[in-house]
Amino acid sequence: MDLRQGIGLRRLGTTADEFQQDLLSSLYYRRGTTVESASPRDAYEALALTVRDRLAERRARTAAAHFASNPRWVYYLSAEYLLGAQLEQNLLYSGTGELASQSLKVLGRTLEEIEDLDVEPGLGNGGLGRLAACLVDAMATRDIPAVGYGIRYDFGIFRQSLEGGAQAERPDDWAFQGNPWEFPAPDDRQTVGFYGHTEPVPGSPTRKSWVPGEIVLGEPSHMLVPGYRTETVNIVRLWRARGSEASFDLSRFSAGQYAEAVQEAVRAENISKVLYPDDSTELGRELRLKQQYFLVSCSLRDIIRRFRLRNEGWDDFAEKTVIQLNDTHPTIAIPELMRLLVDEYGLDWDKAWSITRSTFAYTCHTLLPEALETWPVPLFERLLPRHLEIIYLINMFFLREVEARFPGDSDRLRRMSIIGEGSERRVRMAHLAVVGTEAVNGVAELHSKLLRETVLQDFADLWPAKFQNVTNGVSPRRFMKLANPRLSDLITEGLGDDGWLNDLDRLAGLERLAGDASFMERWRAVKRANKVDLAAGDPDSLTDVMIKRFHEYKRQQLKLLHVITMYHRIRANPAGDWVPRTVLFAGKAAPAYHAAKNIIRLINAVGATIAADPVVAPHLRVVFAENYNVTLAERIIPAADLSEQISLAGKEASGTGNMKLALNGAITIGTLDGANIEIRARVGEENFFLFGLDAFQAAEVQISGYHPREHYDRDAELKAAIDAITAGTFGGVGREVADSLLGWDEYLTLADYRSYLDCQEEVERAWRDPERWTRLSILNTAHSGFFSADRTIADYAARIWRVAPVPVPKDI
Ligand code: F58
């Protein structure tokens with residue numbers, strides 16, 4: 001392609017007339033219908049295509065600019081993306097919101113009603129999946145040449161509803177009516193092998209040939225990822241599994257064996273059928289390992305194909321390519337790249353290893369030992385026989401290196417081995433990820449430190465320079481501009497322009513307005529209006545939110561003990577001067593995580609008891625918002641006054657909801673855990689409600705023998721709260737929750753109870769002084785600039801990726 005001649009694109013119109021013409025063209029020529037018979041869905045699809053075209057034009061120029069400069073690329077490999085709704089975002093990023101709402105009149109529709117048809121692709125579980133979405137947004141905004149690779153699940157995270165106060169799950173058929181935002185690219189399909197056996201290659205000690213027993217096709221489609229106020233449009237490429245042509249057995253079909261005729265194709269397609277909804281512990285299911293290898297195999301071949309467009313040989317591969325592993329889920333990419341280089345391209349082992357090691361980097365998102373992935377050796381051997389052989393070789397060379405540094409330390413060798421020698425031999429994916437990469441990072445300062453000092457300590461001893469921290473961040477476009485237009489407008493007015501959306505540190509300029517009476521008044525009015533929109537409770541009450549996956553370590557049960565105690569206090573003194581509160585919970589529990597589901601049931605039972613109590617109900621209300629997802633988060637966060645970040649210190653790797661809430665002017669009540677520590681350091685100690693044990697103290701309590709009953713016996717209010725559960729005050733629900741708290745209380749809920757309650761009184765003192773509260777709120781927003789995903793990406797680019805931006809010119 002000769003870029004001097006330009007890429008010859010006709011520019012799409014920017015006037016209302018031109019946009020309307022294009023909307024009608026989309027309706028007639030692409031949707032194949034007419035104005036008279038257009039359904040709301042037709043209008044939605046036509047609008048989506050019209051907006052998408054504006055981004056596709058930028059995409060074409062981006063691709064041309066990237067091709068011309070042959071840059072170093074970032075490839076982000078992630079099993080999950082929680083991208084959020086696309087229409088509103090793409091209207092904003094293409095600057096066509098106003099044009100769209102004008103043009104829709106010709107179809108007799110409003111933008112609001114059309115936006116309701118835009119279903120978010122729920123291709124992730126929680127923080128990790130949403131982080132991936134914020135990072136690809138920021139990469140595009142920072143003009144970094146990047147592709148995100150993932151899986152196009154037919155069914156995303158389950159839809160949650162409440163039945164009798166308990167969580168019920170339904171499948172999430174998100175693309176049932178089609179998805180106008182994606183471009184299928186069947187020409188770029190890849191072939192993936194599973195099972196089978198390996199055969200020696202004569203004359204070569206390291207090369208082998210793998211004869212798979214099952215072949216599956218991976219078909220990609222991509223979604224556009226525009227940068228904000230820049231020309232760059234990157235892509236997320238998602239793979240969908242299909243049976244090969246040979247997988248349909250015509251002779252069986254003809255013989256009337258219909259199910260048997262398609263069984264191979266069904267088996268293949270099951271690989272991308274559904275997202276695993278487990279958010280913490282590994283299920284160890286074969287299908288999940290298949291998903292992981294499917295993602296990795298398709299993506300690596302695509303990366304090599306792209307490399308080959310501008311480069312030859314392998315000498316420049318690691319220079320032109322960095323592959324970021326989003327947790328261990330895509331870690332089989334390490335042995336897969338070795339296999340491709342050694343077996344398929346004939347490189348010698350050492351050369352292949354040096355390329356592989358300098359191509360990959362690994363982000364760890366957990367500290368829970370049970371959440372570190374391992375796979376049984378026999379499963380690996382059956383599903384990926386050649387990969388297991390390669391892992392054994394990697395491990396052998398690695399253990400030699402350890403032995404050379406720490407001679408005779410066999411304990412250390414056993415601890416560090418990629419193969420765990422328990423009662424069952426397992427492949428430890430985190431070890432493989434550390435050994436096979438150039439950089440390893442945690443996601444908040446405390447998390448990175450604890451990784452170095454606990455879970456990965458032996459590895460940090462061996463390679464101290466490999467370990468880094470990159471604190472997470474969030475997209476200010478989605479979580480401020482789109483989610484909270486009122487506050488965004490007020491901030492823009494206060495700061496004089498809206499440049500802060502690309503340079504979030506500029507929010508610091510709000511500090512000087514934190515004492516300005518009229519600004520404060522308007523700040524309060526925005527928060528109130530957001531609460532009215534949310535309609536979760538009295539807009540003048542303290543809106544206290546805990547929104548995140550349900551997990552015992554996050555301690556929704558601690559929040560609940562606080563609610564029950566307030567219930568008791570109000571009943572004991574109905575005439576007291578109570579601060580009215582609306583306590584809002586939202587979040588999903590993994591379907592098999594019974595302890596978490598019991599907490600959900602108890603929340604709803606307590607909520608119902610309170611609602612039915614005429615003495616307490618005027619002061620306290622508990623709301624459970626069903627089916628928490630990105631769209632719902634965007635409604636709740638702008639309305640929050642108090643942000644609950646109350647995990648046991650040392651357990652939450654970072655948290656990102658904590659950042660979104662602080663950015664939107666909610667004050668945090670939290671422990672010294674994850675990124676809470678960094679939030680507190682930035683917003684200031686006096687603007688953050690701190691309570692509880694720190695990570696060091698928590699570890700000490702656990703080591704010295706923890707007895708939750710001692711707290712129960714000593715604290716009358718705590719005792720009363722737990723006794724109310726067991727006595728049946730909440731309809732007999734929650735006995736298992738009480739039993740676990742009194743029996744072992746793994747996450748030290750009772751140990752932190754009193755400190756948490758005291759801290760909540762501190763919160764109420766601040767709330768009773770609206771001037772003070774508003775100041776706190778403004779200062780939280782003002783000092784949240786650091787938590788922009790743009791800063792996170794700048795850190796990755798400088799410390800880990802060593803990549804430079806490639807700006808896309810407006811005129812090629
Ligand atoms: C989360 N992990 C961390 N895992 O818990 C949170 O502290 C952090 O802020 C966030 O990552 C981003 O770094 C998380 O969301 C998952 O959902 C996995 C899904 C697949 C199974 C294992 C957990």
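Residues take their numbers from the sequence shown, with the count starting at 1. Counting starts at 1 for both ligands and their atoms, following the listed order.
- Between H329 and ligand 1, a contact under 3.5 Å exists for no N or O pair.
- When only interatomic distances are considered, the shortest N/O to N/O separation between E652 and ligand 1 falls below 3.5 Å.
- Sorted by first and then second residue, the ring-ring contact (aromatic ring centres under 6.0 Å, His included) pairs involving residues 637-674 (not counting sequence neighbours) form an empty list.
- Ligand 1 has an N or O atom lying under 3.5 Å from an N or O atom of N472, backbone or side chain.
- One finds no salt bridge joining K466 and E438 here, because no Lys/Arg side-chain nitrogen approaches an Asp/Glu carboxylate oxygen to under 4.0 Å.
- Not a single N or O atom of G126, backbone or side chain, sits closer than 3.5 Å to an N or O atom of ligand 1.
- The cationic atom of K597 (NZ for Lys, CZ for Arg) does not lie both less than 6.0 Å from the six-membered ring centre of F550 and within 45° of the ring axis.
- Summarising the contacts of atom 8 (C) of ligand 1 with A444, C364, A675, G655, the nearest heavy atom is found in G655.
- If you look at R549 next to ligand 1, there are no close heavy atoms at all, none under 4.0 Å.
- Of all atoms in ligand 1, numbered sequentially from 1 with element shown, those under 4.0 Å from a heavy atom of Y553 are 5 (O).
- Taking every non-hydrogen atom of R288 and a distance limit under 4.0 Å, the qualifying atoms of ligand 1 come out as 20 (C), 21 (C).
- Ion pairing between K449 and E453 holds under the 4.0 Å rule for side-chain N and carboxylate O.
- The cationic atom of R791 (NZ for Lys, CZ for Arg) lies less than 6.0 Å from the six-membered ring centre of F786 and within 45° of the ring axis.
- Heavy-atom distances between R130 and ligand 1 stay at or above 4.0 Å for every pair.
- A salt bridge does not link R288 with D278: every distance from a Lys NZ or Arg NE/NH1/NH2 to an Asp or Glu carboxylate oxygen is 4.0 Å or more.
- A salt bridge is defined here as a Lys NZ or Arg NE, NH1 or NH2 lying under 4.0 Å from an Asp or Glu carboxylate O, and D137 with R142 fails to meet this definition.
- If you number the atoms of ligand 1 from 1 as listed, the ones under 4.0 Å from a heavy atom of N125 come out as 17 (O), 19 (C).
- Ligand 1 is never approached by A371 to a heavy-atom distance shorter than 4.0 Å.
- Residue pairs meeting the salt bridge (Lys or Arg N to Asp or Glu O under 4.0 Å) criterion with at least one partner in residues 691-701, sequence neighbours excluded, do not occur; the list is empty.
- The closest donor-acceptor contact from the side chain of N664 to the backbone of K660 lies under 3.5 Å.
- At a 4.0 Å heavy-atom cut-off, ligand 1 touches D278 through the backbone alone.
- Contacts between K651 and ligand 1 below 4.0 angstrom, taking non-hydrogen atoms only, are absent altogether.
- Every atom of ligand 1 is numbered from 1 in the order shown, and the set under 4.0 Å from a heavy atom of A653 is 7 (O).
- No more than 12 heavy atoms of other residues, nucleotides or ligands lie within 6.0 Å of NZ in K481, so this atom counts as exposed by the packing criterion.
- Contacts of L128 with ligand 1, taken as heavy-atom pairs under 4.0 Å, involve both backbone and side chain.
- Considering backbone and side-chain N/O of S654, one or more are found under 3.5 Å from N/O of ligand 1.
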